[in-house]
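First the proteins, then the strands, lettered A, B, ... as listed; each starts at 1. Only a predicted model underlies this, so the values are computations on that prediction, with no experimental measurement involved.
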Number of protein chains: 2
Amino acid sequence: MPPRVTTLKELAASLDLSITTVSRALAGHEQIALRTRERVAQAARQAGYVPNTAARTLVSGRSGFVGLVLPIRGPNLVDSFLGEFVTGLGEGLVSHGADLILATAALGQSELSVLRHVVESGRADGVVVTRIAEVDERLAYLRERGFPFVAHGRLLDSDFAYNWLDTDGAHAFGEAFDMLYDLGHRHFGLVTISEPMTFRHLRQDGLAAAIGRRGDPSVRLDVATAPRFDRGARIQAINRMLQQPERPTAVIALFDELALTVMEEAVRAGLSVPRDLSVVGFDNVVASAYAPPGLTTFDASIRQCAREIADMLLTVIAERPTAPLTRLIRPTLVPRASHGPAPQTRS
Amino acid sequence: MPPRVTTLKELAASLDLSITTVSRALAGHEQIALRTRERVAQAARQAGYVPNTAARTLVSGRSGFVGLVLPIRGPNLVDSFLGEFVTGLGEGLVSHGADLILATAALGQSELSVLRHVVESGRADGVVVTRIAEVDERLAYLRERGFPFVAHGRLLDSDFAYNWLDTDGAHAFGEAFDMLYDLGHRHFGLVTISEPMTFRHLRQDGLAAAIGRRGDPSVRLDVATAPRFDRGARIQAINRMLQQPERPTAVIALFDELALTVMEEAVRAGLSVPRDLSVVGFDNVVASAYAPPGLTTFDASIRQCAREIADMLLTVIAERPTAPLTRLIRPTLVPRASHGPAPQTRS
DNA sequence: GGGAAAATTGCAAACGTTTTAAATCGACGT
DNA sequence: ACGTCGATTTAAAACGTTTGCAATTTTCCC
């Protein structure tokens with residue numbers, strides 16, 4: 001094993017060249033003679049030289065890192081979202097030689113303050129922001145600061161120009177309605193959350209628009225709402241919906257977790273899915289494939305989205321485009337066995 | 001909003017102090033007058049000053065980062081492992097003011113070369129290494145390099161001293177056997193993989209040891225082996241096991257993914273779980289709670305383990321202990337409905 | 001062979017922080 | 001009034017890299 005060369009100075013000395021020349025040679029500058037460039041590259045490879053990130057960052061102002069502030073999560077089950085998202089980001093970044101920094105918010109520390117720290121400390125050249133609220137202080141900060149970022153999700157306020165990638169929940173919910181309508185369903189249930197998240201807004205709007213397009217006055221929609229993390233309230237709201245005298249024949253849930261609860265409660269109430277009740281979710285979490293009879297849902301291909309977000313962010317960092325980059329990804333229907341024709345007779 | 005102060009120089013100028021004094025004041029050195037320290041702290045807070053990471057790292061040699069090289073993953077489903085692991089690491093690190101760097105291996109690039117790059121570039125003060133193979137070149141490199149690390153998992157070679165945290169799979173598999181034996185089972189099946197992973201070794205040893213402890217010659221163990229990522233071969237091996245004239249009454253799978261396949265194939269073969277066949281897994285993936293009738297398995301509390309790994313690594317970095325730090329975590333049995341008494345009669 | 005132009009290489013400053021060693025300032029005792 | 005001591009502050013070097021500008025070498029033409 002050759003003696004490890006750790007600095008440019010050492011490498012330069014061993015080649016009898018100046019630090020400047022070696023630095024430029026490694027960077028591939030044309031002004032350095034080809035022969036020299038090759039000689040340097042060869043020596044660097046053989047000596048296992050890796051440039052010091054801190055020094056490079058300090059002088060160039062570019063760290064080669066992209067930051068992600070981990071959403072604060074309760075002690076309950078972690079789904080596969082984070083893993084897929086992080087994997088996708090990594091895949092997107094690695095092709096451009098960038099890496100990912102994960103910053104965690106301490107207990108009682110706001111996500112914004114962590115974000116601010118990441119930005120101000122110069123650790124990252126840009127950041128990815130997830131789970132956008134309808135009005136989001138993180139985006140306001142980043143925009144004021146003029147710091148490169150891409151949001152996964154959207155704000156409600158459309159005056160505010162920024163880079164985002166989002167899944168087209170509105171379209172998916174319209175598709176879900178159309179599919180169920182064509183199967184004969186006329187009485188629908190929507191299970192949703194009470195928090196002001198943009199995705200809730202958009203999906204509900206998409207559903208309402210699809211209903212409107214049919215212009216069928218016999219279509220009826222019941223809505224069950226509960227706080228996002230209050231499982232008890234959620235179950236209660238769902239049961240209220242299912243146990244009314246005229247219950248819906250098809251339930252669309254804002255996301256799979258809610259849909260799975262609907263299926264559980266339906267079974268508990270003696271209903272058969274999909275014979276008595278069709279259920280459709282959104283997200284395609286792993287469990288939706290295993291929960292009988294198999295949940296029909298939409299796949300947003302998180303990993304692929306994250307990869308594109310990484311690409312977008314790297315573009316923003318490198319080119320600082322004036323017009324914002326935006327991408328709306330259409331999720332794909334994953335038809336399983338939780339939906340079917342509307343029951344013929346009603347009690 | 002006050003004009004943003006970005007460097008120590010600016011902050012020092014605004015306070016009419018030297019850079020040195022401000023730096024020391026912020027670091028809380030006793031030698032700086034208490035009054036001055038307070039004045040500086042106040043000014044820094046108000047101006048939103050955040051020290052530049054690169055500069056600090058360059059001079060101090062400490063980056064405040066811990067590295068993790070993402071295991072290369074196929075295109076198939078990502079379970080929640082990575083998300084939980086990363087969340088746990090973040091939680092463990094944040095209390096000490098450290099953050100996480102995630103490096104991804106590009107297609108065709110070895111995990112080792114990425115690790116080497118992370119280490120040599122000085123981006124991280126220590127690294128976490130997951131999915132340890134029976135003989136692992138990554139650990140060999142880190143040890144030779146004298147770089148701080150903690151492994152999640154173990155090598156087979158016990159001469160090699162290093163810091164690790166592992167789940168006690170041997171104990172769990174012993175526990176599974178004992179539980180099933182006490183339920184009357186005598187004919188067992190083991191579904192495992194053909195790759196040389198230490199955890200496979202340990203779990204199988206734990207099972208063998210438990211069998212030995214009973215000293216009951218009527219106990220019989222069939223083994224079905226398939227490559228880890230070859231779903232077809234896996235299904236074939238499982239069916240061979242289930243369709244032999246005298247099939248096992250209880251199957252223990254190396255991990256949940258295998259156990260879920262066993263349950264699926266059992267149902268397909270007309271067997272009822274747990275009436276005709278008991279199945280036990282390991283990992284407690286999310287799907288195991290949803291796959292009917294509910295898979296009995298072991299929970300290794302990944303998130304908590306990751307948190308402890310972070311603690312261990314920070315200790316190693318700060319104190320460079322001479323004796324290796326090791327922790328063996330006992331997983332907890334999650335009894336669901338996939339196991340039961342051995343069937344009475346045999347065809 | 002002389003000079004200019006082109007090609008190649010090198011010097012030195014800069015990035016923002018930490019840290020060693022030294023300077024400054026008061027106070028106090030003699 | 002002088003030296004001394006302790007408390008407080010500061011100047012300057014260092015970390016390893018990139019880069020503007022200048023220096024050196026080579027090439028080429030007349």
Trainee: Measuring from the side chain of B:S60 (C-beta onward, heavy atoms only), which nucleotide among C:dT18, C:dC15, D:dT19 has the closest atom?
Mentor: C:dT18
Trainee: To the nearest angstrom, how far is B:L34 atom CG from D:dT9 atom P?
Mentor: 11 Å
Trainee: Which is more 5' along DNA chain D, the nucleotide nearest A:Q31 or the one nearest A:S23? Just name the residue.
Mentor: A:S23
Trainee: Can you figure out which of D:dT19, C:dT8, D:dG16 approaches the side chain of A:A33 most closely?
Mentor: C:dT8
Trainee: Assign each of B:H29 and B:A55 to its nearest nucleotide of DNA chain C by heavy atoms, then name whichever residue's nucleotide is nearer the 5' end.
Mentor: B:A55
Trainee: With distance as the sole criterion, do the side chain of A:T20 and the base of C:dA12 form a donor-acceptor contact below 3.5 Å?
Mentor: yes
Trainee: Determine whether A:F65 and B:R123 make a side-chain contact, defined as any pair of heavy atoms from C-beta on separated by less than 4.5 Å.
Mentor: yes
Trainee: Under 4.0 angstrom, heavy atoms only, what part of the nucleic acid is B:L17 near: base, sugar-phosphate, or nothing?
Mentor: sugar-phosphate
Trainee: Give the minimum heavy-atom separation between A:A103 and A:V118, together with the two atoms involved.
Mentor: CB-CG2, 3.7 Å
Trainee: To the nearest Å, give me how far apart CZ (A:R62) and C1' (D:dT19) are.
Mentor: 15 Å
Trainee: From CG of A:N52 over to C1' of D:dT17, roughly how many Å is that when rounded to an integer?
Mentor: 8 Å
Trainee: For A:Y49 and D:dG16, is the shortest distance between a side-chain N/O and OP1 or OP2 below 4.0 Å?
Mentor: no
Trainee: Would you mind reading off the distance between A:L26 atom CG and D:dT17 atom C1', rounded to a whole angstrom?
Mentor: 11 Å
Trainee: Looking for any heavy atom pair under 4.0 Å, which part of the strands does A:T7 touch: base, sugar-phosphate only, or nothing?
Mentor: sugar-phosphate
Trainee: With respect to the phosphate group of D:dT9, does any side-chain polar atom (N or O) of B:T21 fall under 4.0 Å of OP1 or OP2?
Mentor: no
Trainee: I need the CG-P distance between A:L8 and D:dC15, as an integer number of Å.
Mentor: 14 Å
Trainee: Within this structure, what is the CD1-to-P distance between B:I19 and D:dA14, rounded to whole angstrom?
Mentor: 17 Å
Trainee: Using distance alone, with no hydrogens and no angle criterion, decide if B:E84 and B:S80 have a side-chain donor and acceptor under 3.5 Å apart.
Mentor: yes
Trainee: Whole angstroms only, please: what is the CD-C1' distance between B:E38 and D:dT8?
Mentor: 16 Å
Trainee: Would the B:F160 and B:Y162 ring centres measure less than 6.0 Å apart?
Mentor: yes
Trainee: With respect to the side chain of A:S18, which nucleotide from C:dC11, D:dT17, C:dG16 is positioned closest?
Mentor: C:dC11
Trainee: Among C:dT9, D:dT17, C:dT17, which nucleotide has an atom closest to any side-chain atom of B:V59?
Mentor: C:dT17
Trainee: Do B:I309 and B:L89 have side chains that approach each other closer than 4.5 Å (heavy atoms only, starting at C-beta)?
Mentor: yes
Trainee: When all nucleic acid strands are considered with a 4.0 Å heavy-atom cut-off, which category describes A:T57: base, sugar-phosphate, or nothing?
Mentor: nothing
Trainee: Within this structure, what is the CG-to-P distance between A:L15 and C:dT8, rounded to whole angstrom?
Mentor: 17 Å
